[in-house]
K.L.:
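Before anything else, here's the structure in question.
Small disclaimer: the values here were computed from a predicted structure and weren't measured.
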2 protein chains.
Amino acid sequence: MANIYDVAKAAGVSPATVSRVLNGGSVSSERAARVRAACEDLGFRPNRVARGLRRQRSDVLALIISDIENPFFTALARGVEDVARASNLSVVLCNADDNPEKEAEYLDVALAEHMAGVIIFPASLAETDVTALLDRGVPVVAVDRSPESAAIDTVTADDENGAYVATRHLLDEGYRRVACITGPRASSAATERLRGFLRAHRESEAPRRRPRVAYADFRVRGGYQAMGELLDLAEPPDAVLTTNSLMAAGALEALYDRDLRPPEIGVATFGDTFWAHLVQPALTTVHQPAYEIGQAAAELLFKRRHAPDIEPQRLVLPTRLQIRSSSRRSAEAQTTPATSAGRRATTARVVGAERPDGPGRARATGRHDIDQSVPVT
Amino acid sequence: MANIYDVAKAAGVSPATVSRVLNGGSVSSERAARVRAACEDLGFRPNRVARGLRRQRSDVLALIISDIENPFFTALARGVEDVARASNLSVVLCNADDNPEKEAEYLDVALAEHMAGVIIFPASLAETDVTALLDRGVPVVAVDRSPESAAIDTVTADDENGAYVATRHLLDEGYRRVACITGPRASSAATERLRGFLRAHRESEAPRRRPRVAYADFRVRGGYQAMGELLDLAEPPDAVLTTNSLMAAGALEALYDRDLRPPEIGVATFGDTFWAHLVQPALTTVHQPAYEIGQAAAELLFKRRHAPDIEPQRLVLPTRLQIRSSSRRSAEAQTTPATSAGRRATTARVVGAERPDGPGRARATGRHDIDQSVPVT
DNA sequence: CTGTTAGCGCATTCAT
DNA sequence: ATGAATGCGCTAACAG
């Protein structure tokens, strides 16, 4: 494979000149043309590995997430990727599976590869250690939660408030035993959402029981099992908030298994799903700006790359409640057929702004905004 | 950041000895221990970039896919990843967005980074050019379709037959105007599935119209639009086969918009979906072994890595039809309530083998196998 | 088993 | 504006 020496020889110039042509140094246009022709002839591709060694930095950034099968992360990844590409960086997606060891391996790789930066969804507040990266000057941005090991840039959704508004909505609808299926205790998103859930109960004046909480794993099966356990209680809940969409799918399946159908039992969930409309009745969701979080994280990373010493920032993006039939006990009579007409009727009550049909997650959502929509915060 | 010379000095040995300790050369255990201690002390991490330059190969392989939001690819990615990790390779996920230019960039990167190998879902049969990689000895495995530029290892699902069986099923159920919403013409998966669809029509003896075909983009919105167009025809179809699950979601949404509910209009789709059970009525699917395809592709890659000159192989994995209510016109009367009992009743008719609950896609599927299941092929 | 040495391909001084 | 020379950190070849 041709290298710059070959190109230099073919073009009758020095290797340094070739390098300058490639990287935008000052070269006479006549010589530059010769170099470019030679590159073409030889099919020369600059060796990124050598360049990386010499420059002590690469052009790829690592995005470390906990579950590639979670739509939240795929949307987030698109946001990161779109911003990164605009800056000529490649994104390496690393699936840490919520496993601190696997995550540590990827962090090691990021370090050893001298990556341009790392965007991480920390597997654990306590165990995730990014100080090694930071010490070497590799910018790190956390999504969702900031690891305890260091104060770094963080971008999250307004989880606490989103859960608060959703729970409040369920209580307002008249549900009295509202349960929560949340994620692992180590997840601060799960914790924040749980906090919002509990706050709504504290602030509610309606008579109600001590709210039930089940911890699951943010996955379909976990939601299924947790819902099953809640339903087996002596006093099962009459409504449930799940803190991500995969668990919502599992929870719904558990309900169907027992012939329970919303809004008889109220259901609301964090996370957008393209299937929210397809289930009967349509699912009430708390919209998470996953794509925007990814964008913001990438932008923060670039900012820090060029100004390493600014104070760590914490960005909180708003969520938004999309009320659909699954949580509308008050409209129960009309929801069973759930016809198109019934759904359209809600259109008039749209409150939130329509999002533009950008290249990100919006593209895959169809017409999911035509629901009663309550901006959160 | 410490390098091997620092470590060598600290341990009182030569850099070569340090390298040997790191890479499994023969070193006396006493010296090896000293080296390891020194590594620990200095927080030494071997520089992968330098190693890559010296060895002329890296330990990462690229997986180039066309849509990270498509569950098929995320499941596939897990398959690749699990196999790769077992061989101590990292996987870089590249989202080419079905865009040949973007794809070409990633192929360039793979080349310039001297990657260990590339697994690619080609964006285009004609434009995708992997010869540069091949010339440099980088093993390439294609998923789904083999680019025309070279004969390489390929692994696919049995698309033609899967579509054939599904279409046949729809015809057997008595649907007479069965349409197909398939993917881009450039996609051989789409083409193969369409072929199976057409073959089923040719072989059927039932009276029927010339089958309608709509081309879409394998995404939710595309399915929605295509279904809308089909329904606007003078003679709209009475059943539809979609060739992936995202388009199925879109198509269902279009049906709901018009108050059409399966199995009044029959619906079947390629691709597994964790929400197949959540929609009413439950969705008939052609199971694609996405995780297994990923595994097989990675294994093929490793085989070729160690034996570059064996003949290119072509692996075809079986699909399987999972019949649920959305395509059972014959059982229409009982499907409207679609209770748990109704679903359970089908359990007795399970034909296919249960899959073990492995680490791959199976984990997220809950109990999706309890349906009437017809092995394909 | 161990140390010395050279060079992977490039970007970057420092001269000119 | 250009070229010669150097070294990024590591591993492989060779010598001992």
K.L.:
With a cut-off of less than 4.0 Å, is there a side-chain N or O of B/Asn23 near OP1 or OP2 of D/dT11?
P.N.:
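Checking D/dT11 against B/Asn23, a side-chain N or O does come within under 4.0 Å of OP1 or OP2.
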
K.L.:
Is a donor-acceptor contact shorter than 3.5 angstrom present between the side chain of B/Arg45 and the base of D/dG9?
P.N.:
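Answer is no: no donor-acceptor pair is held.
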
K.L.:
Do A/Glu113 and A/Ser58 pair up side chain to side chain, a donor and an acceptor below 3.5 Å, judged on atom types alone?
P.N.:
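There is no such pair (donor and acceptor under 3.5 Å, judged by atom type) between the side chains of A/Glu113 and A/Ser58.
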
K.L.:
Looking for any heavy atom pair under 4.0 Å, which part of the strands does A/Thr17 touch: base, sugar-phosphate only, or nothing?
P.N.:
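Sugar-phosphate contact only.
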
K.L.:
Return yes if the base of D/dG3 and the side-chain atoms of A/Arg20 contain a donor-acceptor N/O pair under 3.5 Å, otherwise no.
P.N.:
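Indeed, a donor on one side and an acceptor on the other fall under 3.5 Å apart.
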
K.L.:
B/Tyr5 has an atom OH; how far is it from atom C1' of C/dG3, in whole Å?
P.N.:
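B/Tyr5 atom OH is separated from C/dG3 atom C1' by 11 Å.
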
K.L.:
Measure the CG-CD1 distance between A/Asp144 and A/Ile65 for me, rounded to the nearest 0.5 Å.
P.N.:
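So the CG of A/Asp144 and the CD1 of A/Ile65 are separated by 13.0 Å.
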
K.L.:
Any base atoms under 4.0 Å from A/Val18, or only sugar-phosphate, or nothing? Heavy atoms, all strands.
P.N.:
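Here A/Val18 touches no strand at all.
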
K.L.:
To the nearest 0.5 Å, tell me how far B/Asn99 CG sits from B/Ser66 OG.
P.N.:
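If we round to the nearest 0.5 Å, B/Asn99:CG and B/Ser66:OG are 11.0 Å apart.
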
K.L.:
Between B/Val13 and B/Leu53, which residue's closest nucleotide on DNA chain C lies nearer the 5′ terminus?
P.N.:
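With B/Leu53 and B/Val13 compared, the 5'-side residue is B/Val13.
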
K.L.:
Between A/Arg54 and B/Ala50, name the one whose nearest nucleotide on DNA chain C is closer to the 5' end.
P.N.:
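Mapping each residue to its closest nucleotide by heavy atoms, the 5'-most match is B/Ala50.
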
K.L.:
Round to the nearest Å and state the distance from B/Lys9 atom NZ to C/dT4 atom P.
P.N.:
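That distance rounds to 13 Å.
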
K.L.:
Could you please name the option among D/dG3, C/dA6, C/dA11 that lies closest to any side-chain atom of A/Ala16?
P.N.:
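Shortest atom-to-atom distance from the side chain points to D/dG3.
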
K.L.:
On the nucleotide C/dA11, are OP1 or OP2 found under 4.0 Å from the side-chain N or O atoms that A/Arg51 carries?
P.N.:
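Checking A/Arg51 against C/dA11: at least one side-chain N or O falls below 4.0 Å of OP1 or OP2.
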
K.L.:
Considering only D/dC8, C/dC1, C/dC10, which nucleotide approaches the side chain of A/Gln56 most closely?
P.N.:
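For A/Gln56, the side-chain atoms sit closest to D/dC8.
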
K.L.:
Please check the phosphate of C/dT12 (OP1 and OP2 only) for any side-chain N or O of A/Ser19 closer than 4.0 Å.
P.N.:
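Checking C/dT12 against A/Ser19, no side-chain N or O comes under 4.0 Å of OP1 or OP2.
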
K.L.:
When the distance from CG of B/Asn47 to P of D/dG7 is rounded to whole Å, what number comes out?
P.N.:
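Spelled out: CG on B/Asn47 to P on D/dG7 is 18 Å.
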
K.L.:
Is A/Asp41 salt-bridged to A/Arg34, going by a charged N under 4.0 Å from an acidic O?
P.N.:
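A/Arg34 and A/Asp41: not salt-bridged.
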
K.L.:
Using only side-chain N and O atoms of B/Arg31, determine if any of them is under 4.0 Å from OP1 or OP2 of C/dG3.
P.N.:
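Checking B/Arg31 against C/dG3: at least one side-chain N or O falls below 4.0 Å of OP1 or OP2.
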
K.L.:
What is the separation between atom CZ on A/Arg55 and atom C1' on C/dG9, rounded to the nearest whole Å?
P.N.:
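Going from CZ in A/Arg55 over to C1' in C/dG9 covers 13 Å.
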
K.L.:
In this structure, how many angstroms lie between the C1' atom of C/dT5 and the CD1 atom of B/Ile4, rounded?
P.N.:
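Interatomic distance, CD1 of B/Ile4 to C1' of C/dT5: 13 Å.
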
K.L.:
Calculate the interatomic distance between B/Glu113 atom CD and C/dC8 atom P; express it in whole Å.
P.N.:
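Atom-to-atom, B/Glu113 to C/dC8, this comes out as 19 Å.
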
K.L.:
Considering heavy-atom distances to DNA chain D, does A/Ser14 or B/Ala2 have its closest nucleotide positioned more toward the 5' end?
P.N.:
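Final value for this comparison: A/Ser14.
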
K.L.:
Check every strand shown and say whether A/Pro15 touches a base, only sugar-phosphate, or nothing at a heavy-atom separation below 4.0 Å.
P.N.:
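The answer is nothing, as A/Pro15 stays clear of every strand by at least 4.0 Å.
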
K.L.:
Between B/Ser87 and B/Leu89, is there a donor-acceptor pair closer than 3.5 Å when you use the side chain of the first and the backbone of the second?
P.N.:
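Checking the backbone N and O of B/Leu89 against the side chain of B/Ser87, no donor-acceptor pair under 3.5 Å is found.
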
K.L.:
Nearest whole Å is fine: how far is D/dC8 C1' from A/Arg48 CZ?
P.N.:
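The distance from CZ of A/Arg48 to C1' of D/dC8 comes to 18 Å, rounded to the nearest Å.
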
K.L.:
Would the distance check show the side chain of A/Asp6 and the main-chain N or O of A/Asn3 forming a donor-acceptor pair, the cut-off being under 3.5 Å?
P.N.:
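Judged by distance alone, yes, a pair lies under 3.5 Å.
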
